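Small disclaimer: the values here were computed from a predicted structure and weren't measured. In what follows, residues are counted from 1 in the order of the sequence shown. Computed over heavy atoms, backbone and side chain alike; hydrogens, waters and symmetry mates excluded.
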Amino acid sequence: MRSSATDLAHRLAREAEAVCRHYLSNGRNVGRYWIVGDVRNTPGQSMYVRLFGADSGAGAAGKWTDAATGEHGDLLDVIRETCGLLDFRDVADEARRFLSLPRPEPVSQPKLRTAPAPTGSPEASRRLFAASQPIAGTLAATYLRHRGIDQLHDVQALRFHPRCYSRAHDTAPRESRPAMIAAATDLGGAVTGVLRTWLDASGLGKAPVDEPRRAMGLLLGNAVRFGPHGDVMAAGEGIETVLSLRMALPVIPVMAALSAAHLSAVLFPGTLRRLYVARDADPAGDSAVATLTARAEAAGIEAIPLSPRLSDFNDDLRAFGLEDMRAIARLQLTPEDVARFLFPATHRSS
């Protein structure tokens, strides 16, 4: 019988310190608590995990709270965030592996014939994303690390497919290559399209093909989202651009529109009051910033451009390093957002 989430959480709680030592290795034991920066294993001391306590209710072992953000949860949440997992089945399998429990026997079900989705459609995008795997430990994570992006949290929008089909051109034979799959979603969270980034077998760069990136589905107005909608957000063109910005400002929600044209048309969440626009330093980027700023202001949203020193923020991150990125950001954020988004980042890195 499949262990329930409650049963797994209770079993993990009985081994709370061992779980913390394994998944929250940047923390330390302080009396009855394990102290760490956050649920993604960032160094620091704002999150505390109760190591001893009752089996359930207030004060239960395995429960954690992040005093800086108000986040809270149990040890299953710790496994999900530190491993970059999306589906509960994957979280449960990892928990069972840690606890040395047997995997549940699959329930046999009659096979249903599924009609093929139209090529390039939103439905085809959803199926490709569903067929991909969480990014943790894959070539996609290696690729991002090689781009200087090694803090991967709230990246459920990114997955990895080891054999994603590609064509050199429309009439060429199909080839399968490893690919990072990024899901574009609408304001309600539904997947409407994907961006496929085919990777070199080493994971140290894109695949050596003419078009290593191709989108499919419906992207206009939608975006690849990292973090929940908030009153202050940032938007940019590329995945690497917004994730580089998030290295310096790890708690700010960001959106990647995937092109300059799509950035100018991205839709605004109802919660949004201030939008930082991470510009690419080229004519298309300047045009996108101007159009998006005009649309935001017409909607009563303050729009503030963020300018890199080089062509984009990923180039800045790789050329100058994280501390320089934070210095650049500090000069361009409003004072209240410096305190809100920059100071927590510098505290956690200390």
note = The reported gap from CD in E15 to SG in C20 (rounded to nearest 0.5 angstrom) is 11.5 Å
message = Using a 6.0 Å distance limit plus a 45 degree cone around the ring axis, check whether R50 lies over the aromatic ring of Y33.
response = no
ask   = Do other residues, nucleotides or ligands put more than 12 heavy atoms under 6.0 Å from F268 CZ?
value = yes
message = Test your reading of the model: is there a side-chain donor-acceptor pair from Q332 to the backbone of S307, 3.5 Å cut-off?
response = yes
task = Indicate whether the side chain of T69 and that of E71 have a donor and an acceptor atom separated by less than 3.5 Å.
result = yes
key: Lys/Arg N to Asp/Glu carboxylate O, K206 vs D200, below 4.0 Å   = no
key: N29 side chain vs W34 backbone, donor-acceptor pair below 3.5 Å   = no
ask   = Going by an N to O cut-off under 4.0 Å, is there a salt bridge joining D154 and R40?
value = yes
inquiry  = Is the shortest side-chain heavy-atom distance between T192 and T185 below 4.5 Å?
reply    = no
Test item: L342 and R326 side chains (from C-beta on) under 4.5 Å apart, heavy atoms = yes
task = Measure from the side-chain N and O atoms of S287 to the backbone N and O of A284, and report whether any donor-acceptor pair falls under 3.5 Å.
result = no
query = So, are R274 and E336 salt-bridged, with charged N and O less than 4.0 Å apart?
reply = yes
query = CZ/F160 to OG1/T142 distance, rounded to the nearest 0.5 angstrom?
reply = 8.5 Å
ask   = For A261, does its backbone N or O pair with a side-chain atom of S264 as donor and acceptor, under 3.5 Å?
value = yes
task = May I ask you to decide if V191's main-chain N or O and R126's side chain share a donor-acceptor pair within less than 3.5 Å?
result = yes
request  = Give a yes or no on whether M233 and V155 share a hydrophobic cluster (residues Ile, Leu, Val, Met, Phe, Trp, Tyr; joining criterion: side-chain heavy atoms under 4.5 Å apart).
outcome  = no
Minimum-distance pair of heavy atoms, taken over all atoms of V242 and G236 = CG1-N, 3.6 Å
note = Heavy atoms of A61 and A13 approach each other most closely as O-CB, 3.3 Å
Between T241 and N314: side-chain donor-acceptor atoms closer than 3.5 Å = no
ask   = Side chain of S132, backbone of L128: donor and acceptor closer than 3.5 Å?
value = yes
task = Supply the atom-to-atom distance L218 CG to D186 CG, rounded to the nearest 0.5 angstrom.
result = 8.5 Å
ask   = Honestly curious: do M255 and F313 fall in one hydrophobic cluster under the side-chain, below-4.5 Å linking rule?
value = no
message = Taking R80 first and then D90, would you say they form a salt bridge - that is, a charged N and a carboxylate O separated by under 4.0 Å?
response = no
inquiry  = Which heavy atom of A182 sits nearest to which heavy atom of I239, and what is that distance?
reply    = CB-CD1, 3.3 Å
message = Applying a strict under-4.5 Å side-chain criterion to I, L, V, M, F, W and Y, I'd like to know whether W198 and L158 cluster together.
response = no
Distance-only side-chain donor-acceptor flag, N41 / T82, under 3.5 Å = no
key: Gap separating the CG atom of L333 from the CG atom of L306, nearest 0.5 angstrom   = 6.5 Å
request  = For residues H153 and P250, determine if any side-chain heavy atom of one lies less than 4.5 Å from a side-chain heavy atom of the other.
outcome  = yes
query = For the residue pair M47 and D38, what are the closest heavy atoms and their distance?
reply = SD-C, 3.2 Å
key: Residues R11, D7: salt bridge by 4.0 Å N-O rule   = yes
ask   = Are any of the side-chain heavy atoms of R96 and L8 separated by less than 4.5 Å?
value = yes
task = Kindly indicate, with the supporting measurements, whether the criterion salt bridge (Lys or Arg N to Asp or Glu O under 4.0 Å) is fulfilled by R340 and D231.
result = CA-CA 12 Å; R340 181 177 177 184; D231 60 324; 2.8 Å; yes
Closest contact, heavy atoms only, M216 versus S121 = CE-O, 4.4 Å
request  = Answer yes if V289 and Y276 sit in the same cluster of Ile, Leu, Val, Met, Phe, Trp and Tyr residues linked by side chain heavy atoms under 4.5 Å apart, and no otherwise.
outcome  = no
query = Are L152 and L317 connected in a single hydrophobic cluster, I mean Ile/Leu/Val/Met/Phe/Trp/Tyr linked by side-chain heavy atoms less than 4.5 Å apart?
reply = yes
request  = Decide whether Y143 and E240 meet the rule of one side-chain donor and one side-chain acceptor closer than 3.5 Å.
outcome  = yes
task = Nearest 0.5 Å please: distance from the CG atom of L195 over to the OG atom of S125.
result = 10.5 Å
inquiry  = For the residue pair R246 and F226, would you count it as a cation-pi contact if the rule is NZ or CZ under 6.0 angstrom from the ring centre and within 45 degrees of the ring axis?
reply    = no
query = Which value, rounded to the nearest 0.5 Å, describes the distance between H161 atom NE2 and S176 atom OG?
reply = 9.0 Å
